[in-house]
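Below: the structure, in structure tokens.
The figures here come from the full heavy-atom set of this structure, side chains too, leaving out hydrogens, waters and symmetry mates.
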Amino acid sequence: MAKIQLTKYLLSSKQIFWVLLSVTISVLPHLPRLPLWFPILLIGVILSRWLTAIKQTKPLPKVIIILITLTAFITIVYFQGFKLNREISVTILAAMTVLKILETNTKRDAWMVVTLCYFVILTRFFYSQDLLLVIYLFLSVLIITHTLFILQHDNKKDFLGKRELKQTLGLLATGLPLAVLFFLFFPRLGSPIWGSPDFFGNGKTGIGDSMSPGSISQLFSDDSTAFRATFKGTIPNNSDLYWRGPVLWDFDGKTWNTNQRQISKKTFIASNDTGTLVSYEVELEPTGQKYLFALDYVKTAPTGSTLKADQQLITENDINQLRHYTALSQFKTYNSNELLSPEDFARLKYLPPSFNPKTKALIQQWQRQVRSPLELIKKILTHFATDEFYYSYSPPLLMGDTVDQFLFETKSGFCEHYASAFTVMMRAAGIPARIVTGYQGGILNEGYLLVKQSDAHAWAEVWIQNKGWLRVDPTSAVSPLRVEQGSQALIRQNSRNWLDNSWSRKLGERYDAIRHNWNKWVREYNATKQKAIFKVIGFDSVNGRAIIIVLGTIILITTLLVLFFLYINRPKRKQSPYDKIQKKFKQLFLKHGLTAEENLGILEFSKKATEYFPQSKNSIQQFTTLYLRLRFSETENKQANLDNRLLKIIIKIKNELRTKDIKE
């Protein structure tokens, strides 16, 4: 008997398949953040348990399972440290959930593993709440919940479990409105519930704090979103949209780097500082770095950031979650709000002595032909525009004296080639210069400006004595279209690959608009927006009384809806033909005054009917005997003509009762 009861709770191959599927989909979105050995562990455990199920072999001994578990735990601690934090906690939870599969042999173990899958998939929200991830998590919850129903009802013939799928969809459809209402009205904190978002996750790097030939041109094929900007007024011309990021001071002959030991100090902004003011809001995608992007030149630093002397916007922590900020910029020709020290000037003129001798010789020759830095700038730009220079997003590889090779040999390059060459030429003339990296342009996308990684750009700044920094974009001399209409104009002329077409780009922009609205109304739904919703429904403030009333009403309405849903979907017993004949037989007597309950058994009901209608005694007994024989006999031929005999008896009784009524 004990063996029979144990077999009842063992898992079938179908149930094991759904358990393995639930575990796999719950840890799958974590794989990019988990250790490199974790996918091997996952595949090994899944294959081992599945082979055990289909071949009906004995599971691994407990000693082996314990050794594997200890090895995994020690490996996690060795590589991630023993300090309790989010990373190690998620890794341990995912690893223990996967390893639990090895000893999942009964329904109790399976229910525990599948329930853990809810927690594993939930922890993915610690890193991101992007729209695609939310859709994936919803589908994951659907599969995990379906697995619970599969464990409850095992129909081996129906591998998908259509009945269980209907139950799963009904349950989720019932809970979804409740989840939405609680999302809207549950008390929200002024900051994210998980703490400062800057401590979570790793962003996707676009523009970095260094630049070498080819580093920015690689981004030209990347149409992912860098940030979105919403202007409080008219959007400026594309040629004015220089989104300033890292400023590169130091050059080693190949690579430009940011100023790690900046000495200059920002002076006050003079009251007579003129130029058009532009106010806008930026929604920056995670970058994993500390740089914010804003239009040249920044007048006030956004909240939570520092404006350095060279106009770099720096945050305290890495930007690993969506970042919103408001900025104010001023369009002007010269930026004089930076006080440079002698050490700064020396670094801004420095060039490695043994690099690019041809370029230095050319500049020395040109210096004798011009009278001022502005004339030299004009001469260099004219050289780029009139000589056989080409703007290419797949330039040839440069080695050694990269600027010499570019200016005198290849003459083909992307924006970083022209910016680097121009800045080296300025420094060779003894004029302070540096490179600014960031983005240039953007496209209007359903009310906001969309800036993609393919809009990444580099330009130069030259210090003009008694005036300040002058922005010079040498790319505009070679490809005016790039600056005036943006990188997307170049892309429309020349596709980057066979998948690059107007249809795919429009589809990506449409999806970004959906993501923008998702970020605006869901990811950034905060206490301020919740207060506005409370005000719409009649509450001036979000206090304890208002919350209790709203949440209580939600719970009450949801409960009533659930009860109504359960009532209309309650299981209904399907009547067989014999049930219908019996019911027709009973109703015949009840209509003629018999006082008896309809749910009485056929024998008990027939006995009462005989007492009340003695003239139909023979017909009643004949019906009862034939009914019992047809209904319960295993050897009786149950064909339609036999059922007709029952109907004929009912008609006979009906005539007898009608005759009785006439006589009375």
Side-chain angles (χ1 to χ4, degrees), residues 208-220 246-259 345-370 372-437 456-463 470-480 482-483:
D209 55 6
S210 64
M211 187 194 79
S212 56
S215 60
I216 294 183
S217 58
Q218 292 175 356
L219 295 175
F220 189 66
V247 180
L248 311 180
W249 287 51
D250 301 324
F251 182 56
D252 61 7
K254 180 181 179 181
T255 303
W256 291 87
N257 293 284
T258 55
N259 182 7
F345 279 116
R347 292 180 61 203
L348 290 167
K349 296 178 183 179
Y350 174 77
L351 287 175
S354 59
F355 284 89
N356 305 303
K358 291 183 179 180
T359 302
K360 295 176 182 178
L362 177 65
I363 291 301
Q364 290 176 1
Q365 177 185 346
W366 284 357
Q367 276 187 294
R368 293 191 290 268
Q369 302 173 10
V370 298
S372 68
L374 291 177
E375 288 188 11
L376 180 60
I377 292 172
K378 183 178 180 180
K379 187 172 184 63
I380 294 174
L381 296 180
T382 302
H383 178 67
F384 284 149
T386 57
D387 206 341
E388 296 180 353
F389 284 91
Y390 300 95
Y391 187 72
S392 171
Y393 51 81
S394 56
L397 182 65
L398 301 178
M399 300 292 290
D401 294 326
T402 56
V403 176
D404 279 358
Q405 287 184 35
F406 169 67
L407 290 176
F408 298 98
E409 297 176 21
T410 64
K411 296 187 178 182
S412 175
F414 203 62
C415 61
E416 68 265 35
H417 297 79
Y418 289 97
S420 178
F422 177 85
T423 306
V424 168
M425 295 168 86
M426 285 289 101
R427 290 190 176 189
I431 301 171
R434 62 193 181 190
I435 291 178
V436 182
T437 58
H457 196 56
W459 59 94
E461 279 187 331
V462 180
W463 180 264
L470 172 67
R471 181 177 67 226
V472 181
D473 188 355
T475 301
S476 63
V478 183
S479 177
R482 168 63 184 88
V483 175

Does any part of the side chain of Gln369, heavy atoms only, come nearer than 4.5 Å to the side chain of Gln365, both counted from C-beta?
yes

Work out which heavy atom in Met211 is nearest to a heavy atom in Ser215; give both atom names and the distance.
CG-OG, 3.4 Å

Between Lys360 and Leu351, is there a side-chain heavy-atom distance shorter than 4.5 Å?
yes

Pair up each side-chain donor or acceptor in residues 388-401 with any protein partner under 3.5 Å, not counting sequence neighbours, and list the distances.
{"unit_1": "Ser392", "atom_1": "OG", "unit_2": "Ser394", "atom_2": "N", "d": "3.1"}
{"unit_1": "Tyr393", "atom_1": "OH", "unit_2": "Ser495", "atom_2": "O", "d": "3.3"}
{"unit_1": "Asp401", "atom_1": "OD1", "unit_2": "Asn356", "atom_2": "N", "d": "3.1"}

Taking only residues two or more places apart in sequence or in another chain, which ones pass ring-ring contact (aromatic ring centres under 6.0 Å, His included) with Phe422?
none

Between Ala458 and Ile216 the two heavy atoms that sit nearest each other are CB-CD1, 3.6 Å

Between Ser212 and Glu416, which heavy-atom pair has the shortest distance, and what is it?
O-CG, 4.0 Å

Ser210 and Thr255: which non-hydrogen atoms are nearest, and at how many Å?
CB-CG2, 4.1 Å

Distance-only criterion, 3.5 Å: show the donor-acceptor pairs between side-chain atoms of residues 406-414 and protein atoms not counting sequence neighbours.
{"unit_1": "Lys411", "atom_1": "NZ", "unit_2": "Asp387", "atom_2": "OD1", "d": "3.3"}
{"unit_1": "Lys411", "atom_1": "NZ", "unit_2": "Asp387", "atom_2": "OD2", "d": "3.2"}

Supply the atom-to-atom distance Met426 CE to Ile431 CD1, rounded to the nearest 0.5 angstrom.
4.5 Å

Any chance you could measure Met425, atom CE, to Ser420, atom OG, to the nearest 0.5 Å?
11.0 Å

Answer whether the closest heavy-atom distance between the side chains of Tyr418 and Ile380 falls below 4.5 Å.
no

Are the side chain of Glu375 and the backbone of Val370 linked by a donor-acceptor contact shorter than 3.5 Å?
no

Are Trp459 and Cys415 packed together at the side-chain level, in the sense that at least one heavy-atom pair is separated by less than 4.5 angstrom?
no

Donor-acceptor under 3.5 Å (Ser479 side chain, Thr475 main chain)
no

Shortest non-hydrogen contact from Leu376 toward Ala429:
CD2-CB, 3.5 Å

So CD of Glu461 and CZ of Arg471: to nearest 0.5 Å the spacing works out to 8.5 Å

Does Thr386 reach the main-chain N or O of Thr382 with its side chain, forming a donor-acceptor pair under 3.5 Å?
yes

Do Arg482 and Asp473 make a side-chain contact, defined as non-hydrogen atoms from C-beta onward lying under 4.5 Å apart?
no

Return yes if some donor-acceptor pair links the side-chain N/O of Arg434 with the main-chain N/O of Leu348 below 3.5 Å, else return no.
no

Check: Thr258 main-chain N/O paired with Asp209 side-chain donor or acceptor under 3.5 Å
no

Report yes or no: does Thr437 contribute a side-chain atom to a donor-acceptor pair with the main-chain N or O of Pro246 at less than 3.5 Å?
yes

Rounded to the nearest 0.5 angstrom, the CD1-CH2 distance for Ile435 and Trp249 is 13.5 Å

Among Thr423, Leu374, Leu381, side chain to side chain contact (heavy atoms under 4.5 Å, CB included) partner for Val472
Leu381

Show the nearest heavy-atom pair for residues Ile363 and Ala428, with the distance to one decimal.
CG2-C, 4.0 Å

